[in-house]
There are 2 protein chains.
Amino acid sequence: MFVNVNANPANRQKFTGELGGLTRAEVILSEFKYNRGAEIFGEAEPAEYVYQVIDGAVRSYKLLSDGRRQIGAFHLVGDIFGLENGPVHRFTAEAIIDTTVRLAKRVSLEHVAETDALVARDLLSMTTSNLQHAEDHMLLLGRKTSLERVAAFLLEMDRRLSAAGVMALPMNRRDIADYLGLTLETVSRALSCLHGKGILGFLGQTQRQIILLDRPGLARLDL
Amino acid sequence: MFVNVNANPANRQKFTGELGGLTRAEVILSEFKYNRGAEIFGEAEPAEYVYQVIDGAVRSYKLLSDGRRQIGAFHLVGDIFGLENGPVHRFTAEAIIDTTVRLAKRVSLEHVAETDALVARDLLSMTTSNLQHAEDHMLLLGRKTSLERVAAFLLEMDRRLSAAGVMALPMNRRDIADYLGLTLETVSRALSCLHGKGILGFLGQTQRQIILLDRPGLARLDL
DNA sequence: AGATTCCCTTGATCTGTATCAAAGGTCCGT
DNA sequence: ACGGACCTTTGATACAGATCAAGGGAATCT
């Protein structure tokens, strides 16, 4: 289950650089590739590394014993994930599509943080933005309707990955559903509804390329 | 709306001491009392203070424009709340019952954190436990049934406030419902169901004093 | 102590979303 | 190009939990 088919040391390269805002840290970094669907780390596994998405997309999720899944976050290009304060990961992380990550040894980061107050501050501020996202998501999961959730999702993705007005979603309907606490059918129906209202359009023959035609209209749906 | 009827400077006393794990910080502290239902701070208000519950209980929540409410956390005796990294509060906090808090000026805390790595680490670890709670709560809100949510709530409260086997809940059914993403009727029905199964008992003539008669049975209901 | 307000439970009914089902469509490897 | 696995949509139906409603307690105030 935890075997990583990409775990080939030959794919690794060492170099020194930055991991997001940690510009002042001198930490050991490597690049690493994961195939679509590959597990990057598992829930409750020791948290040895911190990751940054260089290319691709990642989902972080928790499972209930009977297989129900809640995706806590999507990590897109530039995002840092897998940062833990405790000894273990609290989510499973998987590559949604073929993904390249940069990784830093967690201990080396912590070591730097102990002497460098600015790095310590960066760690806190990253944790705080994760917290803020989780807080907003609790409101969505606890109190929003399916249409409001999908609208909120589209606005979030638009903000985070829109290139030239087109949104190329890396995740499928089931991923979106498990992020929003819905079923994939309900997500599909909500998207069809928004399409019918002229709020969004699908591009080409795929349903994962979305153009937002009416952002104010969409924002009005997300209370 | 933001007027605090308890905001009487005469109620304040200054002294130096500790705020939770921040034992090494020399920060200015005061004690302050809030009546049942009083707002301690509002969402989007400047975050001037950090609070610790000395006595009583507090709810932190977000509202949608039409009044739907999501309680993100309950703060019980000993808990620290209102800790922000950014400039403003992201929740409204209200006293559930008459409550005494200790408060520390946020800037003084931050100032100490800049020079004291141990304090900085405490701030991070507090933020991390808030994050962990929010992550677990996302799973509950997104994927658990009403009975599972209520079971999880009872186990959480049992862990956090059980004195001598009796759980004296400070919050009403509506608060529980808004914490669990349910209605108060559904919470009431779930509690009746657990009562019927012999998993819990009500004490005295009030329904807020609960005894857990079968913790393993309850844990089995929370997947 | 009586009155007012709030709180909790329980029943009846409704509804938003899940579930079940089926049919194209798209992507991928051969 | 072809076959198979996956993905998405759409329709029909079911159901968990919401909503509506009412009545009995419990806490609080005067």
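Each chain gets a letter, A, B and so on, in the order the sequences are listed, and its residues count up from 1.
- A 4.5 Å side-chain heavy-atom check between L140(B) and D222(B) finds every atom pair outside the cut-off.
- For the pair L147(B) CG and dG17(D) P, the computed distance is 9 Å after rounding to whole Å.
- Without hydrogens or angle criteria, R143(A) side chain to R69(B) main chain gives a donor-acceptor distance under 3.5 Å.
- Formation of a donor-acceptor pair under 3.5 Å by the S192(B) side chain with backbone atoms of S188(B) is found in this model.
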Give each protein N/O atom lying under 3.5 Å from an N/O atom of nucleotides 2-5 of chain D, with the pair distance.
none

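- Listed by chain and number, the residues in a side chain to side chain donor-acceptor pair (under 3.5 Å) with Q207(A) amount to none (sequence neighbours excluded).
- Of all nucleotides in DNA chain C having an atom under 4.0 Å from a heavy atom of chain B, the first and last in 5' to 3' order are dC7(C) to dA12(C).
- Just one residue in the list Y49(B), Y51(B), Y34(B) forms a ring-ring contact (aromatic ring centres under 6.0 Å, His included) with F41(B), and that residue is Y51(B).
- Without hydrogens or angle criteria, E31(A) side chain to V101(A) main chain gives no donor-acceptor distance under 3.5 Å.
- At least one donor-acceptor pair under 3.5 Å links the side chain of T92(B) to the backbone N or O of E43(B).
- The minimum heavy-atom distance between V53(A) and H75(A), with the atom names listed, is CG2-O, 3.9 Å.
- Spacing between atom CG of N35(B) and atom C1' of dT28(D) amounts to 13 Å, rounded to whole angstrom units.
- Considering CD1 of I40(A) and CZ of R59(A), their distance stands at 9.5 Å, rounded to 0.5 Å.
- Taken residue by residue, residues 136-146 of chain B places no heavy atom nearer than 4.0 Å to DNA chain C.
- Scanning residues 180-193 of chain B for heavy-atom distances under 4.0 Å to DNA chain C yields L184(B), E185(B), S188(B), R189(B), S192(B).
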Under 3.5 Å, which N/O atoms of the protein pair with N/O atoms of nucleotides 22-27 of chain D?
unit_1	atom_1	unit_2	atom_2	d
dA26(D)	OP1	Q205(B)	O	3.0

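- If one axis is set at each end of the helix from dA1(C)-dT30(D) to dT30(C)-dA1(D) from five pairs, those axes are 60° apart, to 10°.
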Contacts table for residues 209-221 of chain A: side-chain donor-acceptor under 3.5 angstrom, sequence neighbours left out:
unit_1	atom_1	unit_2	atom_2	d
D214(A)	OD1	G217(A)	N	2.9
R215(A)	NE	D158(A)	OD2	2.6
R215(A)	NH2	D158(A)	OD1	3.0

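- Within the 4.0 angstrom heavy-atom criterion, only backbone atoms of the sugar-phosphate kind lie near R208(A); the bases stay farther away.
- Residues that satisfy the side chain to side chain contact (heavy atoms under 4.5 Å, CB included) test with I97(A), not counting sequence neighbours, are A57(A), T99(A), P170(A).
- By the side chain to side chain contact (heavy atoms under 4.5 Å, CB included) test, R36(B) is found to be paired with D98(B), residues two or more places apart in sequence or in another chain being considered.
- A search for ring pair (Phe, Tyr, Trp, His ring centres under 6.0 Å) contacts involving H137(A) returns H133(A), Y179(A), not counting sequence neighbours.
- The main-chain N or O of L141(B) is found under 3.5 Å from a side-chain atom of R149(B) such that the two form a donor-acceptor pair.
- Between the CD atom in E94(B) and the CG atom in N35(B) there is a gap of 12.5 Å [rounded to 0.5 Å].
- F91(B) meets the ring pair (Phe, Tyr, Trp, His ring centres under 6.0 Å) test with no other residue; sequence neighbours excluded.
- Residue-environment remark: CZ (R160(B)) exceeds the threshold of 12 foreign heavy atoms within 6.0 Å.
- Atom NE2 in H195(A) sits about 15 Å away from atom C1' in dT10(D), given to the nearest Å.
- For D136(A) and R90(B), the salt-bridge test fails: no basic side-chain N is under 4.0 Å from an acidic carboxylate O.
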